[in-house]
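Take a look at the structure below.
Both ligands and their constituent atoms are indexed starting at 1 by order of listing. Quantities reported herein were computed from a predicted structural model and do not represent experimental measurements.
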Amino acid sequence: MSLIKNNEEYLKKVINDLGYEISNVAILPSGKRELGTFQLNVAMMLAKQYKKNPMDIAKEIVANLDSRFEGVNIAAPGFINFSFKDDNLIEYLNIVLKDFHNLVDKHEEKLIFLDYGGANAAKALHVGHMRSPNIGEAMRRLANLLGDKTISDVHLGDLGRQAGMLISEIKKREPDSLYFKEDYEGEYPAVNYTPADLGEMYVAANVDAKMNKERMDEVREITADIDRGNKRYINLWKKLVDISVVSIKDVYDKLNCHFDLWEGELDSFKDVPSMLEVLKPYLYESEGAMVMDVKENEDNKKFPPLIVIKTDGATIYATRDLATIYSREKRFKPDEIWYFTDNRQSLYFEQVFRASYKAGLVRKDCKLLHFGFGTINGKDGKPFKTRDGGVMELESLIKLIEEILEPKMKSELKNKDEIKEKLAIATLKYADLMSFRNTDYIFDLEKFASFDGKTGPYILYTTVRLKSILRKSDVKEFKITKIENAESLDIYLKLLELPSILNRCYNDKSLNYVTDFLFDLASLFNKFYNNYHILTESDDNIRNNYLGLVKLVYLVIHNLLEILAIDEVEEM
Ligand code: ARG
């Protein structure tokens, strides 16, 4: 348990023993450092509740404290200020040095199923596809750190128009292929396209289908045929999906995303019939489609019925999500399922969740939660595009950032390309996680790739510095025996804030508090570094305390980068 939490529990007990009922006591960083490093405003809260004078309550609490704190004082209208004793703080810092987990307050274990990534097969990943894997992966790691068990699923978009497009293009190019021979039941031939071929073929088909109605009809027909279970098409399409997954995996690997399951919409097919059985009592026909009412009395906005089966009898996105929920519930019984997609799918997910609860596809106590995110915009405030107005592919964006980074890097690096790619990914991920999940943000390449300021490269630069000091030091076991100066104290007090920052990220499903914290900590450390000579300090005790600080700061930054899924580098 963290030092703060430990003392919050203690304070809670003291206050409860005085006869006040309180469920939570928060120790907060002090607004007035000269009065102490921490403050409590619990007396003001209790004063309202118990209609008493807050100063009296504060005095009562202070009179009952043991001697663990230093400089306890009361300031109007009822703030209790105090500092931790150096010895207590130092003891705790050494415990954290032994194991970072002592700087984390775990909660009761839950099983969380995470649905993020969501790449669409046979289409290139573009900039807009970055937030879901970045946020989802970091949330998975954070949940694990805080004590949850997790299962992650990439949930590929592997059904839909793009299937019809590609198959129709192959039909045009290879009309004699066995895949187009009706009633063929034998072995299916291998398919020898590359991911790049698929991209090119998709574009070709798309252009033609837009101009040519017959072609579009064919695309629709093939798409519908897949849905009806056409074996030849499904077989061919699965092979195409496998090819495209190779390049999707490549990008997710670069982004350090780990998925326990590589399932997708196609996999939900087998669960559609049994799911529909459960949904049946709630379905009714509307304009030829099968729909389900999901509005509730207390709604203050419109909740249209959810379309479950289209007029032509085909399944849609929603059918597949309902079947997927049903299957996840049966297989895993998760406590919560988290979905990370663009904000534009918020209403959709609300409909799907309501339908699932109403029909009993999941237990009522399984929480289905959608966490939407904002759009990545260019400086013009419109969705981020390439210079000529096209969609920016993620791979091209990474290359572009590498070009900006190149001149800032040391020229004589050994694995320059590898380091450059890591820096580019760090630039992207840090920038992406830095704004609050729900808000849009402006993608400013130059700013995000800067070696100075609130950026990925700045944090990595700080780790390079920290690691270089540690490498040159001869210390075997790091131990802090004294807080040497004000800069050190600032760093240590900052560290004490981490447990509550991690909890805030977990509650909001947003990593911006961690990116802020990393920047603050790196800045505090760099200030310390500029004011003191660490390795050349001649007094052994002082040098060891400095090195203990370096080790501790590195340990914390290292673990936080691990949560954000950002790789470190040794030089840059
Ligand atoms: N493939 C979808 C898209 O591009 C995202 C999938 C999200 N997950 C889900 N279960 N619907 O919008």
Side-chain angles (χ1 to χ4, degrees), residues 112-137 139-140 150-166 202 223 226-227 237 240-241 244-245 247-249 251-252 255 257 259-272 275 306-308 315-332 334 336-357 361-362 366-376 383 391-394 437 509:
I112 313 283
F113 194 102
L114 294 94
D115 180 314
Y116 59 94
N120 294 319
K123 285 194 203 166
L125 287 165
H126 58 78
V127 176
H129 289 122
M130 168 172 81
R131 299 206 79 184
S132 175
N134 283 345
I135 299 172
E137 177 68 20
M139 284 311 306
R140 180 181 75 78
T150 57
I151 304 170
S152 58
D153 179 18
V154 67
H155 203 74
L156 289 175
D158 51 10
L159 265 178
R161 185 69 58 79
Q162 76 268 36
M165 288 281 181
L166 277 179
Y202 178 78
T223 312
I226 292 180
D227 195 74
W237 173 239
L240 300 176
V241 170
S244 108
V245 163
S247 63
I248 292 173
K249 274 207 165 112
V251 178
Y252 286 152
L255 293 176
C257 290
F259 299 102
D260 298 307
L261 305 173
W262 275 82
E263 299 186 356
E265 294 186 44
L266 260 177
D267 290 296
S268 74
F269 258 24
K270 57 182 182 322
D271 301 298
V272 168
M275 179 278 292
L306 179 67
I307 301 176
V308 179
T315 66
I316 50 174
Y317 190 47
T319 331
R320 270 110 60 181
D321 261 325
L322 291 167
T324 304
I325 288 177
Y326 190 47
S327 147
R328 285 174 183 167
E329 164 76 6
K330 273 196 296 196
R331 287 188 291 163
F332 307 110
E336 300 184 4
I337 306 182
W338 298 352
Y339 293 82
F340 295 90
T341 79
D342 194 292
N343 276 330
R344 283 171 293 189
Q345 295 192 36
S346 298
L347 176 67
Y348 162 76
F349 275 112
E350 189 59 41
Q351 288 178 298
V352 167
F353 296 166
R354 285 184 178 193
S356 304
Y357 287 126
L361 294 178
V362 277
C366 168
K367 283 195 191 140
L368 300 172
L369 302 163
H370 174 246
F371 301 109
F373 47 79
T375 313
I376 302 178
V391 283
M392 175 73 87
E393 285 185 16
L394 206 43
R437 169 176 54 76
K509 309 293 180 287

Specify side chain, backbone, both or neither for [X], according to which of its non-hydrogen atoms lie closer than 4.0 Å to ligand 1.
X	value
Asn120	side chain
His129	neither
Asp321	side chain
Tyr116	neither

Do any nitrogen or oxygen atoms of [X] come within less than 3.5 Å of a nitrogen or oxygen of ligand 1?
X	value
Leu156	no
Thr341	no
Gln345	yes

The side chain to side chain contact (heavy atoms under 4.5 Å, CB included) partners of Ser356 (sequence neighbours excluded) come to Leu322, Ile325, Val352, Leu361, Val362, Leu368
Those residues at least two apart in sequence (or on a different chain) that pass side chain to side chain contact (heavy atoms under 4.5 Å, CB included) with Ile307 are Ala289, Val291, Ile316
Under 4.0 Å from a heavy atom of [X]: which atoms of ligand 1 are those, numbered in the order shown and with their elements?
X	result
Tyr339	10 (N)
Asp115	7 (C), 8 (N), 9 (C), 10 (N)
Phe349	9 (C), 11 (N)

Here the pair of heavy atoms bringing Cys366 nearest to Glu329 is CB-OE1, 4.2 Å
shortest atom 7 (C) of ligand 1-to-protein heavy-atom contact is with Tyr317 OH, 3.5 Å
Could you walk me through whether Leu261 and Asp267 satisfy the side-chain contact (heavy atoms from CB on, under 4.5 Å) test, starting with their C-alpha distance in whole Å, then the side-chain angles of each, then the deciding distance to 0.1 Å, before giving a yes or no?
CA-CA 11 Å; Leu261 305 173; Asp267 290 296; over 6 Å; no
Report task. Indicate the ring-plane relationship of Phe259 and Trp262, choosing parallel, tilted or perpendicular according to the 30° and 60° boundaries. Result -> perpendicular
Q) Taking atom types as modelled, is there a side-chain donor on Asp321 or Tyr339 under 3.5 Å from an acceptor on the other? A) no
- Message: Strictly below 4.0 Å, N to O, side chains only: are Arg328 and Glu263 in salt-bridge contact?
- Response: no
Interatomic distance, NE2@His370 vs OH@Tyr348, rounded to 0.5 Å, equals 10.0 Å
